[in-house]
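What follows is a set of notes on a single structure, which appears directly below.
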Amino acid sequence: MSLQTKVELGRRGLMSILSSPSGAGKTTLSRRLLEKYQSAPAHEAIVMSVSVTTRPMRPGEVDGRDYFFMSPAKFQDMAHKNQLLEYARVFDHQYGTPAAFVRDHIVKGIDVLFDIDWQGTRQLAEENRADLISVFILPPSLEELERRLRERAQDSEETVKKRMEKAKAEISHWREYDYVLINQDLDHTLQKIDVILKAERLKRVRQEGLPSFVAEL
Ligand code: 5GP
C-alpha cells in the first residue's frame, strides 16, 4: 500500500450512554455533542437515539425530536413485539429505546448516543457489552442541581421535590458506569466526553478492519 493511500478501517458503531439526574446538564451536553459531530467525517458521525415515552409532552418539546410521544397501549404493543432494546418506568411513565434505529446505525459504523437512566443502561449492557460505553454525569452539588431544576421553571414545586428525591436515587448508581464526570463547566465536560469517545473508538476490538489490514501489510 502506498503511503499516499488514505487508510480508513471499518469499525462498528459505539453505543454511548449518558446518564445523570435531571438538571445535571445531560440534555445540553448531548445536543452540543451532536452539533459538534454534525460536520465531522462520516466515520466520526454520531446520531441520537430518540426514545419512546408515555409521558405528556412539555412546552417546547417536539414529537420525533425529543421523544416519540405515545399512548401506554402503543408502548405496550412495541414492547411485546420486541421493538424496544430496553424499557423502564421512570417518574410514573414508561420510556424505551426503539431497537431498529440503533441496530441500523451500529452495523454501518455510526455511533449512537443515548440519554437513558440506570435501568436502561443495565439492560443494554447485559446484551451489548462490547459495543457499549456508559458515562455518568454528576452535578457539582445537590444545591446546584436544585437551583438548575428551579431555573427550568417548567415543573411545579412538588415535581421539583420529587425530582430531587429521584436524583439522589439515580446518583446512587454511579458505580455502575464506565466513566463518571462532574459537570462543573459545560465546555470542559464536553471536551472530556469527546476524549472518551475518541479513545474508545480506537480500541483494537472496535476496529473491525484491522485483521485484514494487517494481513495485507
Ligand atoms: P425526562 O422525562 O426528564 O425527559 O426523562 C426522565 C428520565 O428518563 C431521564 O433520566 C432520562 O434519561 C430517562 N429516559 C429517557 N428515555 C429513556 C429510555 O428510552 N429508557 C430509559 N431507561 N430511560 C430513559
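When a ligand or atom number is given, it counts from 1 through the structure's own listing order.
Proximity of R89 to ligand 1, defined as any heavy-atom pair under 4.0 Å, is not found for any part of the residue. In E86, the part holding a heavy atom less than 4.0 Å from any atom of ligand 1 is the side chain. At a 4.0 Å heavy-atom cut-off, ligand 1 does not touch R122 at all.
A donor-acceptor pair is defined here as one N or O able to donate and one able to accept, closer than 3.5 Å; no such pair exists between the side chain of E146 and the backbone of E143. Panel note: side chain N183, backbone I137; no donor-acceptor pair is recorded below 3.5 Å. R163 contributes no side-chain N or O that, together with a main-chain N or O of L149, makes up a donor-acceptor pair within less than 3.5 Å. At distances below 3.5 Å, at least one donor-acceptor pair connects side-chain atoms of H105 with backbone N or O atoms of F101. With D185 contributing its side chain and H188 its backbone, the two residues share a donor-acceptor pair below 3.5 Å. Between the side chain of Q207 and the main chain of L202, a donor-acceptor pair closer than 3.5 Å is present. Judged by distance alone, with hydrogens and angles left aside, the side-chain atoms of Q123 form a donor-acceptor pair with the main-chain N or O of Y87 at under 3.5 Å. The backbone N or O of Y67 sits nowhere less than 3.5 Å from a side-chain atom of T53 that would complete a donor-acceptor pair.
Every atom of ligand 1 is numbered from 1 in the order shown, and the set under 4.0 Å from a heavy atom of G120 is 22 (N). Close contacts between ligand 1 and A88 involve ligand atoms 22 (N) [criterion: under 4.0 Å to a heavy atom].
Given atom 3 (O) of ligand 1, the protein heavy atom at minimum distance is R58 NH2, 3.1 Å.
The shortest N or O to N or O distance between Q119 and ligand 1 is not under 3.5 Å. By the 3.5 Å distance cut-off applied to N or O atoms, R55 is counted among the residues near ligand 1. The N/O atoms of D117, backbone and side chain alike, include one that comes under 3.5 Å of an N/O atom in ligand 1. Annotation: G96 places an N or O atom under 3.5 Å from an N or O atom of ligand 1; distance criterion only. Residue D115 places at least one N or O, backbone or side chain, under 3.5 Å from an N or O of ligand 1.
R201 forms a cation-pi arrangement with Y37, by the criterion of a distance under 6.0 Å to the ring centre and an angle within 45° of the ring axis.
Remark: distances from the non-hydrogen atoms of K166 to ligand 1 are all 4.0 Å or more. Heavy atoms of K26 approach ligand 1 to within less than 4.0 angstrom. Contact between Y67 and ligand 1 is present, with at least one heavy atom of the residue lying under 4.0 Å from the ligand. No heavy atom of Q123 sits closer than 4.0 Å to any atom of ligand 1.
Taking all heavy atoms of S51, P56, A167 into account, the minimum distance to atom 16 (N) of ligand 1 is reached by S51. Scanning V90, T97, I116 for the heavy atom closest to atom 8 (O) of ligand 1 points to V90.
Ion pairing of E158 with K162 is absent here, as no side-chain N (NZ or NE/NH1/NH2) approaches a carboxylate O to less than 4.0 Å.
Among the candidates T27, L34, L33, the single residue satisfying the side-chain contact (heavy atoms from CB on, under 4.5 Å) test with R31 is T27.
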